[in-house]
Number of protein chains: 2
Amino acid sequence: MILSTKGRYGLKMIFQLALSYEKGTMSLKDIANKLDLSDTYLEQLMSQLKKAGLVNSIRGAQGGYELSREPSLITVGEVIRPLEGSLAPSECVGGEETECSKADYCATRLIWEKIMVGIDNVIDGITLQDMINDYDKLNEKEKGDNKNG
Amino acid sequence: MILSTKGRYGLKMIFQLALSYEKGTMSLKDIANKLDLSDTYLEQLMSQLKKAGLVNSIRGAQGGYELSREPSLITVGEVIRPLEGSLAPSECVGGEETECSKADYCATRLIWEKIMVGIDNVIDGITLQDMINDYDKLNEKEKGDNKNG
DNA sequence: TTCATATCCTAGTTATATAGTAGGAATTAA
DNA sequence: TTAATTCCTACTATATAACTAGGATATGAA
């Protein structure tokens, strides 16, 4: 399991906001109920997403959260990184500083870099809108299957 | 850091064996000294690699380890997986059993699958021989740099 | 035969990270 | 005023990571 519940729950959570984009705010309690997850835990994750500028919040009664911009402008990578930290496979790649003195001739370092690029290409290339489209397609198919079955 | 020291040290370790392929066995102590890592820790990792059939061992004095087949026939994925377990980003993908009842219409599941395929494509596409070639190239360049600098 | 050098194997141990809980302050619509 | 909500800090239990310890077993060389 290379991702913790932070990244996994976090993406599920913001996906709920994406589904209800421009339909008003959604409270954490509602999200937690819908996903059947602890609301106090999701609260911490949401606070990270807010810090990252991905969601707006409205306090007080009838308050809640909403996406700060449209789903097509938020990538999966933007959601996962603030929650999981770097998705680097090793400490010698992807950080601000490359401390390892052997970097110039390290063979494994090249591998870690390729893995990281592979992951980045996936998560930076998918937006929340893409997820919605896939979800709609799946549900459409699901309906059809039920009809035929 | 999506990989633990198991996968990271393990690959470094077997890479040493790849470098000395067909030059006799190499003891764990030598490998540990070369990499400046704990030999008792590496021992556990090596035992996994042996179970996975990647290395042969010779016990007793003058004994040690060697690759069980040539470097071009061992992929990075074959090395990392026995050490790290599944590289799935979530429990609902990559396992033998897909337990999640929501799999049919889960939008995040598609993301985890894509990430996993991305990683697999990288690590299953690189052999130890590729690593050696890259390493030789780096060292060649290093020498040149030193000459010119 | 003995001994130093190795692998092999099982169990600890310690430190860190994960996955939460708890409790209350601040804010706001009704 | 009150109920609903976000915001914030701190605490806790559990699991995992990253080793360490100690001894059994095997083997080449003196």
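Proteins get letters first, then strands, A, B, ... in listed order; numbering begins at 1 in each. Everything numeric here is computed off the predicted structure, so don't read it as measured data.
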- Message: Measuring only between side-chain heavy atoms, which start at C-beta, is S68(B) closer than 4.5 Å to V55(B)?
- Response: no

- Task: Take the protein atom NZ of K50(B) and the nucleotide atom P of dC9(C), then report the distance between them rounded to whole Å.
- Result: 7 Å

- So, with a heavy-atom separation below 4.0 Å from DNA chain C, the residues of residues 19-35 of chain A are none

- Query: Less than 4.5 Å apart, any side-chain heavy atom of K114(B) and any of I126(A)?
  - Reply: yes

- Over how many whole Å does the gap from E66(A) atom CD to dT5(D) atom C1' extend? 14 Å

- Could you list the residues that satisfy side-chain contact (heavy atoms from CB on, under 4.5 Å) with Q44(B), not counting sequence neighbours? none

- Is a side-chain N or O of R8(A) found less than 3.5 angstrom from the main chain of L3(A), in a donor-acceptor match? yes

- Item | Nucleotide-resolved protein contact map, nucleotides 18-30 of chain C, B/S/- at heavy-atom distance under 4.0 Å | SSBB----BBBB-

- Interatomic distance where CE belongs to M1(A) and C1' belongs to dT14(D) [whole Å]: 16 Å

- Message: Rounded to whole Å, how long is the line connecting atom CG of D36(B) with atom P of dC19(D)?
- Response: 11 Å

- Note on the structure: On a heavy-atom basis, the closest approach of T5(B) and Y41(B) is OG1-OH, 2.9 Å

- Query: Does any donor atom in the side chain of T127(B) or Q129(B) lie under 3.5 Å from an acceptor atom in the other side chain?
  - Reply: no

- Message: What's the separation between atom CD1 in I14(B) and atom CE in M46(B), rounded to the nearest 0.5 Å?
- Response: 7.0 Å

- Query: Nearest-Å distance, CD (Q48(B)) to P (dC9(C))?
  - Reply: 12 Å

- Value in whole Å for how far the C1' atom of dA4(D) lies from OH of Y65(A): 13 Å

- Query: Atom CG of L45(B) to atom C1' of dA18(D): distance rounded to whole Å?
  - Reply: 10 Å

- Answer yes or no: is there a donor N or O on one side and an acceptor on the other, between the side chain of R69(A) and the main chain of I74(A), under 3.5 Å? no

